[in-house]
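Worth saying up front: this structure is predicted, and the values here are computed from it rather than measured.
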Amino acid sequence: QVQLVESGGGLVQPGGSLRLSCAASRSIFSINIMGWYRQAPGKQRELVASIRSGGSLMYADPVKGRFTIAGDNAKGTVYLQMNSLKPEDTAVYYCNVQLPGGVTYWGQGTQVTVSS
């Protein structure tokens, strides 16, 4: 069984930065997509950024130019560098790994709060 362990969340002032990390408890092979989702109170979960095998990247419009996703499919690790944070970025952030055959793993979630 694979577990995804997240870290790096916290409280930061507007304009600040945080780096989220996610690591699989064991090696994972044949990963299709790794990504980060977030869910704010009263809001639906949304995809923030993703990286596909081969290295193609996707960012949601609200975070383009501010967030950077990086990862290693072979190692099952994924990072989210968040710069120029805004209060509207406040949410619980979840990492996600999608495998062939309909297998999906989720991190436990880490709280990011942007407030002055």
Measuring from atom [atom1] of [X] to atom [atom2] of [Y], what distance do you get when rounded to the nearest 0.5 angstrom?
{"X": "S56", "Y": "I33", "atom1": "OG", "atom2": "CD1", "answer": "8.5 Å"}
{"X": "T77", "Y": "I31", "atom1": "OG1", "atom2": "CD1", "answer": "8.5 Å"}
{"X": "R52", "Y": "M34", "atom1": "CZ", "atom2": "CE", "answer": "12.0 Å"}

Across all chains, not counting sequence neighbours, the side chain to side chain donor-acceptor pair (under 3.5 Å) partners of Q39 are none
Looking at residues at least two apart in the chain, or sitting in another chain, which of them share a side chain to side chain donor-acceptor pair (under 3.5 Å) with Q98? N96
Answer yes if V5 and W36 sit in the same cluster of Ile, Leu, Val, Met, Phe, Trp and Tyr residues linked by side chain heavy atoms under 4.5 Å apart, and no otherwise.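 They do not share one cluster, since no chain of ILVMFWY contacts under 4.5 Å joins V5 to W36.
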Connected via hydrophobic side-chain network under 4.5 Å: Y93 and L11: no
The criterion is side chain to side chain contact (heavy atoms under 4.5 Å, CB included); which residues satisfy it with P41, sequence neighbours excluded?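 Once residues adjacent in sequence are excluded, P41 has no partner under the side chain to side chain contact (heavy atoms under 4.5 Å, CB included) criterion.
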Listing, residues 109-116 side-chain donor-acceptor contacts under 3.5 Å, not counting sequence neighbours, or none:
unit_1	atom_1	unit_2	atom_2	d
T110	OG1	G9	N	3.2
Q111	NE2	A91	O	3.4
Q111	NE2	T113	OG1	3.3

Under the rule for salt bridge (charged side-chain N to carboxylate O under 4.0 Å, His left out), what residues qualify as partners of K64, not counting sequence neighbours? D61
What heavy-atom pair brings V48 and V63 nearest, and what distance separates the two atoms?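 For V48 versus V63, the nearest heavy atoms are O-CG2, 3.7 Å.
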Is there a side-chain contact between V97 and L99 in this structure, where contact means two heavy atoms from C-beta onward sitting under 4.5 Å apart?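 Counting from C-beta outward, V97 and L99 do come under 4.5 Å.
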Residue pairs involving residues 3-27 (criterion ring pair (Phe, Tyr, Trp, His ring centres under 6.0 Å); sequence neighbours excluded): none
Where at least one partner belongs to residues 45-69, residue pairs that pass ring pair (Phe, Tyr, Trp, His ring centres under 6.0 Å), sequence neighbours excluded: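 Checked against ring pair (Phe, Tyr, Trp, His ring centres under 6.0 Å) - neighbours excluded - no pair reaches residues 45-69.
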Evaluate whether atom CZ of R66 has more than 12 neighbouring non-hydrogen atoms of other residues, nucleotides or ligands under 6.0 angstrom away.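 Check passes, neighbour count above 12.
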Which pairs count as disulfide bond (SG atoms under 2.5 Å apart) when at least one residue sits in residues 3-104, sequence neighbours excluded?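 Those involving residues 3-104 are C22-C95.
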Give every residue pair that meets the side chain to side chain donor-acceptor pair (under 3.5 Å) criterion with at least one member in residues 5-28, sequence neighbours excluded.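 Matches after skipping sequence neighbours: S17-N83.
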Let me see the working for T68 and L80 under side-chain contact (heavy atoms from CB on, under 4.5 Å), right down to the final yes or no. CA-CA 6 Å; T68 303; L80 187 68; over 6 Å; no
Please give the remaining members of the hydrophobic cluster of Y79, linking ILVMFWY side chains under 4.5 Å, ordered by chain and number. none
Can you list, by chain and residue number, the hydrophobic cluster partners of Y37 when the side-chain cut-off is 4.5 Å?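 Y37 shares its hydrophobic cluster with L47, M58, V92, Y94, W106.
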Any pair with a residue in residues 34-49 that passes salt bridge (charged side-chain N to carboxylate O under 4.0 Å, His left out), sequence neighbours left out, goes on the list, sorted by first then second residue, please.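 Applying salt bridge (charged side-chain N to carboxylate O under 4.0 Å, His left out) to every pair that reaches into residues 34-49, excluding sequence neighbours, yields R38-E46, R38-D89.
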